[in-house]
Amino acid sequence: MEILLEAKELSKSYLLSPDHEQHVLKDINVQIKKGEFVSVMGPSGSGKSTFLYNISGMDKLSTGSVVFAGEELSSFSEVELSNLRLNKMGFIFQNIHLLKNLSILDNIVLTAYMAKKRSRSDINNRAKEIMMRSGIAELANNDISQASGGQLQRVAICRALINNPDILFGDEPTGALNSKSASEIMDILADINQSGTAILLVTHDVKVAAKSERVLFMIDGCIVDELLLGKYIKGDEDNKKREVRLTDWLSKMGF
Ligand SMILES: Nc1ncnc2c1ncn2[C@@H]1O[C@H](COP(=O)(O)OP(=O)(O)OP(=O)(O)O)[C@@H](O)[C@H]1O
Ligand SMILES: [Mg+2]
């Protein structure tokens, strides 16, 4: 299958003082295929968020390269890079930055209006479709302050999807939610993935990671192993086994 995103010998260091450099990511090689759903797990401080920021072009690598759809991100100017992020990538994070004085719908469509690639009616139709899929269609005109944590996370997902990205990046997108809301959000993400959007997710939650196709394990800035689970199918009888396999694998890793 075609590769969408690739990290080659990706390293990231921070200069903490003139004689102290911290090597956070060390020669990481990862390939994400078109439409693939990959999770990253590992101990706190192992470099998962840093990896996500660097492979998505949000932060600058120290050495190595990142290739998106055949093009090296280092060859992009700042403007080209932000256009790429706006049009081809979606981001969902734990601390959702939504605008308080806009309605839910306005929060979702804002980046698409900014991109100025499609007509407003096209954008509004896309917003309706993804809000329907995420179960928040009836909240379109509500104020952001009236929404629950789970609803806000759905708004963040819709906002990330409004420009039809090739890939969605998530850093603990279910971290602040109770298990029922987290599970509903994961079903939405699995559904989005079924329609062809690749997903790269950082999570501590076994139930969340068990819905991805492949799980990478990171220790001390290196990807040390991976577990292939195959595509998740909602309602499949074998889904419980995925969680058991993942839990066993993680405990072998001492996690
Ligand atoms: N801007 C920075 N300057 C210096 N060090 C940093 C910076 N950002 C991250 N680090 C360090 O890099 C290491 C990895 O951090 P990172 O946030 O990527 O870990 P993580 O695996 O996402 O952890 P968690 O599971 O707790 O979110 C940590 O030791 C952190 O202190
Ligand atoms: Mg993190």
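Ligands are counted one by one from 1 in listed order, and the atoms in each one are counted from 1 as well.
For the pair Glu72/Val67, a side-chain contact is recorded, criterion being any heavy-atom separation below 4.5 Å from C-beta on. Side-chain contact check for Asp205 versus Met186: every heavy-atom pair is 4.5 Å or farther apart. Inter-residue side-chain proximity for Leu102 and Ile144 is flagged as unmet; no heavy-atom pair is nearer than 4.5 Å. The shortest distance between side-chain heavy atoms of Leu4 and Glu2 does not fall below 4.5 Å. With a 4.5 Å cut-off on side-chain heavy atoms, Ile28 and Lys12 do not count as touching.
Looking at atom 29 (O) of ligand 1, its nearest protein heavy atom turns out to be Gln22 NE2, 3.2 Å. Ranking protein heavy atoms by distance to atom 25 (O) of ligand 1, first place goes to Lys48 NZ, 2.7 Å. For atom 1 (N) of ligand 1, the nearest non-hydrogen atom of the protein is Tyr14 CE2, 3.5 Å. Taking atom 24 (P) of ligand 1 as the reference point, the nearest protein heavy-atom neighbour is Ser44 OG, 3.6 Å.
Looking at Ser49, Gly45, Pro43, it is Gly45 that brings a heavy atom closest to atom 14 (C) of ligand 1. Between Leu15, Thr50, Val24, it is Thr50 that holds the heavy atom closest to atom 18 (O) of ligand 1.
The closest side-chain donor-acceptor pair between Arg126 and Asn163, if any, does not fall under 3.5 angstrom. For the residue pair Arg159 / Asn107, no side-chain donor-acceptor distance below 3.5 Å is found, with atom types taken as modelled.
Using a 4.0 angstrom heavy-atom cutoff, Ser46 counts as in contact with ligand 1. At least one heavy atom of Leu16 sits under 4.0 Å from some atom of ligand 1. Taking a 4.0 Å cut-off on heavy atoms, Met218 fails to register as neighbouring ligand 1.
Within the 4.0 Å cut-off (strictly below), no protein heavy atom is located near atom 31 (O) of ligand 1. At a distance under 4.0 Å, a protein heavy atom can be found next to atom 7 (C) of ligand 1.
Using cut-offs of 30° and 60° for the angle between ring planes, the Phe91 and Phe169 rings count as parallel.
Here Glu172 has no heavy atoms under 4.0 Å from ligand 1, in either its backbone or its side chain. The proximity of Asp171 to ligand 1, defined as any non-hydrogen pair under 4.0 Å, does not occur for either the backbone or the side chain.
Rounding to the nearest 0.5 angstrom, the gap separating the CD1 atom in Ile157 from the CD1 atom in Ile162 is 13.5 Å.
Near the Mg ion (ligand 2), less than 2.8 Å away, sit the protein N, O or S atoms Ser49 OG.
Backbone and side-chain nitrogen or oxygen atoms of Gly47 are examined, and one is located within less than 3.5 angstrom of a nitrogen or oxygen of ligand 1.
In Lys231, the NZ atom is crowded: over 12 heavy atoms of neighbouring residues, nucleotides or ligands sit closer than 6.0 Å. Atom NZ of Lys34 is surrounded by 12 or fewer heavy atoms from other residues, nucleotides or ligands within 6.0 Å.
Taking the six-membered ring for Trp and the full ring otherwise, Tyr232 and Phe37 have centroids separated by 6.0 Å or more.
Close approach of ligand 1 to His204 (heavy-atom distance below 4.0 Å) involves ligand atoms 25 (O).
Leu84 is connected to Leu5 through a chain of hydrophobic side-chain contacts under 4.5 Å among Ile, Leu, Val, Met, Phe, Trp and Tyr, so both are in one cluster.
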